[in-house]
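Inspection log for the structure reproduced underneath, given as structure tokens.
Naming convention: chains lettered A, B, ... in sequence-line order (proteins, then strands); numbering from 1 in each chain. Please read these numbers as outputs of a predicted model, since none were measured by experiment.
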Amino acid sequence: MKHISMRKTLPHLDTSLLSDLPPFSRLDRRQIRTIIDQSTSRRYDAGTAIFEEGHPAERFYMLLDGYVRVIRITYTGEQITALHIPSGQLLGIAKAIGLSNYPATAMCATESIVLSWPMHLWDVFVREYDGFAPEAYKTLGNRLGEVHNRVVEIATQQVEQRVANALLRLMTQTGRKVENGIEIDFPITRQNLSELTATTLYTVSRLLSGWEKQGLIKSKRKRITVCDPHALVVLGQTQTRSD
DNA sequence: CCATTAAAGGTCA
DNA sequence: TGACCTTTAATGG
């Protein structure tokens, strides 16, 4: 028995934790102090949910460290990954578009550190804090745009293109430089990728194996490194259709 | 071109 | 060891 996540307030939360993050970057020290004092901080293990689809949206969150997978459950009980959220972003901000329940589950892809506030403070933040609302809406807009792009891809592209593009997006959004390329910074399985691209884990596995043989990527269990981004870009745009 | 099914080997706690 | 991850092959829409 180990690594039990306990809810607790960490002792020394410095104002610098938030002062560089867009939703709070226009605020002075005193305001940020107030915001932090109203927050609850918590660490989550990888694989645990911060909040779940359908539950009342009681709190909103700022991801300080880690990665979160936004997941929806289908009629048959399967999960599909909608998008990934990197640290420094707000999440659980359903209130911004008038929802009273969370529209999706937020699952930690890695160990994560999160600040949260009771939802009744949302209106206070929007009213009192310069730049907060625009940044929140910008975040929502970006996510909506990303989901839109995927809908278009799924409707118009072949599986190979979709997987290549998904990989490129993850690389640019969460990539970390390593010696032989750029590694996606959190554990991701064939299953996860297949959910993102509306295909099966077997097809993803076959594609990745092929790309690895050609030297485009390297992969270990739950880890993928892109070695040749340009080749993937080409793959992602090539229409291998008879003309 | 791609999903499904089945089977087997690998990895991790 | 058991649960989870990955690959490969066969089959069929």
Check: Would the A:F125 and A:W117 ring centres measure less than 6.0 Å apart?
Finding: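 For A:F125 and A:W117, the ring centres are under 6.0 Å apart.
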
Please give, in whole Å, the distance from [N] [atom2] to [X] [atom1]?
X	N	atom1	atom2	result
A:E195	B:dA3	CD	P	14 Å
A:Y202	B:dC2	OH	C1'	14 Å
A:R190	B:dC2	CZ	P	18 Å
A:I217	C:dT6	CD1	C1'	12 Å
A:K222	C:dC4	NZ	P	10 Å
A:F186	C:dC5	CZ	C1'	17 Å
A:L201	B:dA6	CG	P	15 Å
A:K220	C:dT7	NZ	C1'	17 Å

So, does [X] get its side chain near the phosphate of [N], meaning an N or O under 4.0 Å from OP1 or OP2?
X	N	answer
A:T200	B:dA3	yes
A:Q191	C:dC5	no
A:S205	C:dT6	no

What is the nucleic acid contact for A:T189, judged by heavy atoms within less than 4.0 Å: base, sugar-phosphate only, or nothing?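 Result for A:T189 = sugar-phosphate.
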
For A:S209, report the nucleic acid contact type (base, sugar-phosphate, nothing); a contact means any heavy atom under 4.0 Å.
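Sugar-phosphate: the residue A:S209, judged by heavy atoms under 4.0 Å, touches backbone atoms but no base.
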
Exercise: identify the closest heavy-atom pair between A:R162 and A:I154
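Minimum heavy-atom contact is CD-CA, 3.5 Å.
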
Counting distance alone, no hydrogens or angles: does the base of C:dC4 have a donor or acceptor under 3.5 Å from a partner atom on the side chain of A:R221?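 It does, because a donor-acceptor pair links the side chain of A:R221 to the base of C:dC4 below 3.5 Å.
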
- Below 4.5 Å, heavy atoms only, C-beta onward: do A:I224 and A:E183 meet side chain to side chain?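 With C-beta onward as the side chain, the pair stays apart.
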
Q.
Within the structure provided, determine whether A:I35 and A:Y129 are in side-chain contact (heavy-atom separation under 4.5 Å).
A.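 Touching, per the 4.5 Å side-chain cut-off.
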
Worksheet item: Between A:S112 (side chain) and A:C108 (backbone), is there a donor-acceptor pair under 3.5 Å?
Response: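 The answer is no, because no donor-acceptor pair under 3.5 Å joins these two groups.
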
